[in-house]
Chemist: 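The structure's right below; bear with me while I get my questions together.
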Amino acid sequence: ANEEAMDRVFGVGGWQNETFEGVDVGAMFSSATRFIFMEGSDDNALEMEGFLDGHRTAIEAWVAAGGSIFINAAPNEGDGMSFGFGVTLNYNDSSSSVTASRPSHPIFNGPYTPVGTAWSGSSFAHATVSGPGLVKLIENTSNGRSVLSQKSWGLGHVLVGGMTTHNFHNPQPEAANLRANILAYAGNSPVGPYAYLRSTTGSPWNTSVNETIMTQVFGTDWSGLRFETVDTNVLFSPLTRVIFMDGSHVIADELEAFLD
């Protein structure tokens with residue numbers, strides 16, 4: 001099911017299928033890689049936990065530099081794990097009925113439709129995710145615990161979940177479309193729905209007041225981006241709702257060049 005979803009979103013041959021044991025870690029966590037979907041469900045949980053524990057610093061640095069990662073595990077083994085990024089996977093904490101926490105979020109609105117806002121399964125998820133700064137996207141209908149959340153990390157973006165594969169989910173095709181939309185969002189948009197754009201030269205007047213205001217208004221659900229490095233095709237896509245560009249103080253020329 002995961003391979004089918006990847007083919008659907010990125011095209012056959014448009015992505016690489018790697019294993020925890022065989023991947024070239026240096027090549028994967030390089031600027032040549034834009035998006036990673038890391039899956040540790042069923043009897044792959046212990047292997048993923050070992051991989052995360054062994055490469056946590058490299059993973060977090062890669063995302064901080066602008067990478068986008070979707071880490072998911074619905075284990076049938078172990079006792080949960082740290083996903084890094086301050087996130088804990090809580091197993092066994094299953095969900096049979098779930099709902100959209102933020103129905104306006106892009107994953108519930110395309111590009112694949114219909115999607116709906118409520119899904120079920122014998123186990124839609126085997127685990128929940130928790131940690132500071134997480135923005136809930138899908139939650140257990142009964143207790144509100146998160147089975148899919150996101151957060152910004154440096155210049156990058158993190159999605160974390162405890163969901164089983166979509167072939168266990170209902171209704172269909174809504175559940176399959178949901179999984180495809182999650183991959184499309186994570187793979188094509190390291191930019192969150194809210195973006196703050198400035199130069200790599202530095203912050204206006206060397207202060208972080210803009211970042212403080214963004215967090216005050218949008219919580220952690222925004223991305224800090226740079227005129228010099230942002231992917232404009234992603235920035236100016238329907239997935240982005242608000243862009244705040246600041247070219248004050250000594251970064252006016254950089255803003256002018258970007259606008260021109």
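One-based numbering along the sequence shown. Just so we're clear, the structure is a prediction, and the values are computed from it rather than from any experiment.
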Chemist: Only pairs at least two apart or in different chains count here, so list each salt bridge (charged side-chain N to carboxylate O under 4.0 Å, His left out) that has a residue in residues 8-29.
Modeler: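 Output for this query is empty, none listed.
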Chemist: Could you check whether any side-chain N or O of Asn72 sits under 3.5 Å from a backbone N or O of Glu39, counting only pairs where one atom can act as donor and the other as acceptor?
Modeler: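 Checked: no pair found.
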Chemist: Please confirm whether the ring centroid of Trp153 lies under 6.0 Å from the ring centroid of Phe85.
Modeler: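 Yes, ring centres under 6.0 Å apart.
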Chemist: Does Ser96 reach the side chain of Phe124, with side-chain heavy atoms less than 4.5 Å apart?
Modeler: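 Counting from C-beta outward, Ser96 and Phe124 never come under 4.5 Å.
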Chemist: Is it true that Arg198 and Glu211 have a side-chain N and a carboxylate O under 4.0 angstrom from each other?
Modeler: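 Glu211 and Arg198: salt-bridged.
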Chemist: Restricting to salt bridge (Lys or Arg N to Asp or Glu O under 4.0 Å), what partner residues turn up for Glu228, sequence neighbours left out?
Modeler: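 Listed in chain order: nothing, the list is empty.
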Chemist: Asp43 and Asn76: side-chain donor and acceptor closer than 3.5 Å?
Modeler: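 Result is no, nothing qualifies.
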Chemist: Are more than 12 heavy atoms, taken from residues, nucleotides or ligands other than Glu4, located less than 6.0 Å from that residue's CD atom?
Modeler: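 For Glu4, atom CD is not crowded (no more than 12 foreign heavy atoms under 6.0 Å).
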Chemist: Taking the six-membered ring for Trp, are Phe227 and Phe258 parallel (under 30°), tilted (30 to 60°) or perpendicular (over 60°)?
Modeler: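 The rings of Phe227 and Phe258 sit tilted, inter-plane angle from 30° to 60°.
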Chemist: Does Thr141 reach the main-chain N or O of Ser97 with its side chain, forming a donor-acceptor pair under 3.5 Å?
Modeler: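 At least one qualifying donor-acceptor pair exists.
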Chemist: Ring-plane angle category for Phe37 and Phe70, please: parallel below 30°, perpendicular beyond 60°, tilted otherwise.
Modeler: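 Plane angle under 30°, so parallel.
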Chemist: Give me the ring orientation class for Phe29 and His55: parallel if the planes are under 30° apart, tilted from 30 to 60°, perpendicular past 60°.
Modeler: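 The arrangement is tilted - the two ring planes meet at 30° to 60°.
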Chemist: Would you check if the side chain of Asn167 reaches a backbone N or O of Ala176 as a donor-acceptor pair within less than 3.5 Å?
Modeler: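 Judged by distance alone, no pair lies under 3.5 Å.
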Chemist: Is the Phe51 ring parallel, tilted or perpendicular to the Phe20 ring (thresholds 30°, 60°)?
Modeler: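 Taking Phe20 first and then Phe51, their aromatic rings sit tilted (interplane angle of 30° to 60°).
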